[in-house]
Amino acid sequence: MRINWNFLKLMALLLVVVGLYAFSNQRNQHKRVDGIAIEFVGDQNLYITQSTVNKLLIQKFGSLKNVPKEKLVLNTMEKAIEANKMVKSAQVYLTVNGKLASKIVQRKPIGRIEGDSKFYLDDEGKRMPLSMSYSARVPIITGKVTGESLEDVYEILNYINQDEFLRKNVIGIHIADLKHYQLRFRTNQFVVNLGAVDHLEEKFKNFKAFYAKANKDKTLNKYDMVSLEFNNQVVCSKI
């Protein structure tokens, strides 16, 4: 009987590969956690700190240093971090050198509500608590805060944040009433009556044309109110 040496070599190579994989996998499973590495992705204004995340993990899972890898449930850790109201999403994984790593995306505030309740409005239109670690420099929202008015304010803020001039200059939105919103600017004493949130592009286009001309004529400080409520025109009142 002829011996198929090529087949035997292939089988031997396969056994070696399987053996090495099993040995490596078993050795890897018995490795222990060698520290925690936390990375904040994107906006580096820390509304939640590394120390806070470490404490959260320790309170929930105990000390993780030297814990065998097979005892870690990474999905559970992700959910524990995401339960913090400052966190938008979290990814937890193990690095090749034994670190328990976490990449965290924080929620992003776009407005700060100042009233009976104080909180942020985030970039998804949701309420976000104030942070003990950092105070965001965002427009201040005052007046008659309701669920419906905050939906309108969210639309206004989204428009403002897409326009460089408005983003740099608008420092506040006052809710005088539902469908009646007023803007305050950084360097000017006049109030801008925006009215409702309809036709925002047209209203702000008209306003910027007025602002450019008044700034050139050095007359901006002569106005105390600028109204954009009327169709395709800017109505002003002087001091």
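Starting from 1, each residue takes its place in the sequence as its number.
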Distance flag, aromatic centroids of F204 and Y211, threshold under 6.0 Å: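 Not close enough - the centres of the two rings lie 6.0 Å or further apart.
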When you look at I110 and Y154, which way does the side-chain contact (heavy atoms from CB on, under 4.5 Å) test go after all the steps? CA-CA 8 Å; I110 59 173; Y154 174 64; 3.8 Å; yes
Flag the pair [X] / [Y] as yes when at least one side-chain heavy-atom distance between them is below 4.5 Å, and no otherwise.
X	Y	value
P139	L157	yes
E155	L200	yes
I141	E114	no
Y47	R107	no
L72	V92	no
L94	L100	yes
T76	F61	yes
S131	M86	yes

Side chains of T219 and D217: donor-acceptor distance under 3.5 Å anywhere?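 No, no side-chain donor-acceptor pair sits under 3.5 Å.
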I'd like to know if the side chain of S117 pairs up with that of R127 as donor and acceptor (distance under 3.5 Å, no hydrogens or angles considered).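 No - no donor-acceptor pair under 3.5 Å links their side chains.
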Quick check: closest heavy atoms across [X] and [Y], and the distance to 0.1 Å?
X	Y	answer
A214	Y223	CB-CE1, 4.5 Å
S149	Y181	CA-OH, 3.5 Å
Q182	N193	NE2-OD1, 2.8 Å
H174	G143	CE1-CA, 3.6 Å
L220	F190	O-CD2, 3.7 Å
F40	I48	CZ-O, 3.2 Å

Indicate yes or no: does [X] engage [Y] in a salt bridge with an N to O separation below 4.0 Å.
X	Y	answer
E164	K168	yes
E124	K88	yes
K203	D198	yes
D122	K108	no
R167	D163	no

How about [atom1] on [X], more than 12 heavy atoms from neighbouring residues, nucleotides or ligands closer than 6.0 Å, or not?
X	atom1	answer
M225	CE	yes
E148	CD	no
K208	NZ	yes
K238	NZ	no

If you apply the rule side-chain contact (heavy atoms from CB on, under 4.5 Å), what do you find for I81 with L57, and how did you get there? CA-CA 8 Å; I81 296 173; L57 291 174; 4.1 Å; yes
Report yes or no: do [X] and [Y] belong to one cluster of Ile/Leu/Val/Met/Phe/Trp/Tyr joined by side chain heavy-atom distances under 4.5 Å?
X	Y	value
Y159	L121	yes
L74	I36	yes
Y120	I175	no
Y134	L130	yes

Once you measure the plane-to-plane angle for F207 and F165, does it fall in the parallel (<30°), tilted (30-60°) or perpendicular (>60°) bin?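 Ring orientation, 0 to 90° scale: tilted.
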Are any side-chain N or O atoms of Q106 and backbone N or O atoms of N45, one a donor and one an acceptor, separated by less than 3.5 Å?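 Yes, Q106 side chain to N45 backbone: donor-acceptor pair under 3.5 Å.
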Please evaluate residues R184 and V191 with respect to the criterion side-chain contact (heavy atoms from CB on, under 4.5 Å), reporting the C-alpha separation (whole Å), side-chain torsions for both, the decisive distance (0.1 Å), and the verdict. CA-CA 5 Å; R184 292 205 66 88; V191 172; 3.0 Å; yes
K179: partners by salt bridge (charged side-chain N to carboxylate O under 4.0 Å, His left out), with sequence neighbours left out: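 So K179 forms a salt bridge (charged side-chain N to carboxylate O under 4.0 Å, His left out) with D152.
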If I take atom NZ from residue K60 and atom CG from residue L56, how far apart are they, to the nearest 0.5 angstrom?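 K60 atom NZ to L56 atom CG measures 8.5 Å (nearest 0.5 Å).
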Does the pair I171 and N169 meet the rule for a side-chain contact (heavy atoms from CB on, under 4.5 Å), with working shown? CA-CA 6 Å; I171 61 171; N169 288 286; over 6 Å; no
